[in-house]
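These figures come from a predicted structure and were not determined experimentally.
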Amino acid sequence: MMRFKFLKQNNNGSTMVETLVSFTVIAIVMAALYAIVSFSSELWMNSIDASRVQQHFSEEISKKNPDAAFVQKTIYKAGFAGESGNESEYAGLVLVVDDGDDSNQFYISLSDISAESYVSVDDSVKDENIVAPKVLMFKHKSQYNESGE
């Protein structure tokens, strides 16, 4: 006579391999989430620092005489340089109208316009690798004489 032996199968728990695999998957997911959160927080802090530098720069350039420790001011005189070597001191602007044909180029010389350049030289710009705010302001000769500068 044949006897059938029934074995009771117990599936109430998990094996050690399943447990290790699940912990490994959870660790990988948590590491990815940590990388995302740390990258996002670094970007957030950089944007806060850039905003502070931009705000401080805006306050300084609105003054008549900005503080040289935070803003580098360069003045370019109206006109064209007469001698070589002085080109960096003058704001000789030339507008070129080009319609694609080399023989039909028109030049408009703007010798009555001066320029002032403002660049942020704040320490946090250098230390934290933030893009330095810059402003370029053009003045016509009549405005330059009216302001008394």
Side-chain angles (χ1 to χ4, degrees), residues 1-81 84-110 113-140 143-144 147 149:
M1 207 180 232
M2 272 186 134
R3 284 184 157 188
F4 291 106
K5 211 176 194 184
F6 291 104
L7 295 175
K8 184 178 177 183
Q9 296 199 1
N10 188 356
N11 291 332
N12 289 337
S14 60
T15 64
M16 181 63 86
V17 173
E18 292 172 335
T19 305
L20 289 175
V21 168
S22 64
F23 276 126
T24 305
V25 169
I26 288 174
I28 291 170
V29 169
M30 293 298 285
L33 287 175
Y34 176 77
I36 290 169
V37 169
S38 68
F39 179 72
S40 299
S41 64
E42 183 178 337
L43 285 179
W44 175 258
M45 293 307 295
N46 285 345
S47 71
I48 295 292
D49 293 339
S51 174
R52 287 183 184 151
V53 168
Q54 179 65 41
Q55 183 177 9
H56 190 254
F57 178 71
S58 297
E59 290 172 0
E60 284 296 321
I61 64 170
S62 65
K63 297 177 183 175
K64 185 166 179 114
N65 295 319
D67 188 5
F70 300 109
V71 177
Q72 177 185 5
K73 179 179 178 181
T74 308
I75 298 175
Y76 300 98
K77 303 172 193 170
F80 295 98
S84 62
N86 291 337
E87 291 88 9
S88 62
E89 297 177 5
Y90 290 92
L93 301 174
V94 176
L95 297 176
V96 179
V97 180
D98 188 6
D99 62 356
D101 187 10
D102 289 338
S103 63
N104 291 335
Q105 288 185 344
F106 300 100
Y107 296 95
I108 300 172
S109 297
L110 303 172
I113 295 179
S114 64
E116 292 179 6
S117 168
Y118 299 92
V119 179
S120 176
V121 290
D122 196 352
D123 291 337
S124 59
V125 170
K126 298 171 191 165
D127 297 341
E128 298 171 16
N129 202 13
I130 297 173
V131 176
K134 300 174 184 176
V135 171
L136 188 59
M137 181 174 66
F138 296 100
K139 286 185 179 180
H140 188 263
Q143 292 173 330
Y144 199 73
S147 66
E149 295 176 10

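- By the side chain to side chain contact (heavy atoms under 4.5 Å, CB included) test, T15 is found to be paired with V17, E18, residues two or more places apart in sequence or in another chain being considered.
- The line from CG of N65 to NZ of K73 is 6.5 Å long, rounded to the nearest 0.5 Å.
- Residues passing the side-chain hydrogen bond (donor to acceptor under 3.5 Å, both in side chains) test with T19 are S14, sequence neighbours excluded.
- The structure places CG of L33 at 11.0 Å from OG of S38, a figure rounded to the nearest 0.5 Å.
- Qualifying side chain to side chain contact (heavy atoms under 4.5 Å, CB included) partners for S124, counting only residues two or more places apart in sequence or in other chains: V53, D122, E128.
- M137 pairs by the side chain to side chain contact (heavy atoms under 4.5 Å, CB included) definition with E116, Y118, K139, not counting sequence neighbours.
- Closest approach of V125 and S120 over heavy atoms only: CG2-OG, 3.9 Å.
- Counting only residues at least two apart or on different chains, no ring-ring contact (aromatic ring centres under 6.0 Å, His included) pair has a member in residues 19-52.
- The two residues L20 and T24 make their nearest non-hydrogen contact at O-OG1, 2.8 Å.
- Pairs passing the ring-ring contact (aromatic ring centres under 6.0 Å, His included) check and including a residue from residues 53-72, sequence neighbours excluded, read H56-F70.
- Legend: salt bridge (Lys or Arg N to Asp or Glu O under 4.0 Å) pairs involving residues 31-60, not counting sequence neighbours, sorted by first then second residue: E60-K63.
- Listed by chain and residue number, V119 satisfy the side chain to side chain contact (heavy atoms under 4.5 Å, CB included) test with K134 (two or more places apart in sequence, or in another chain).
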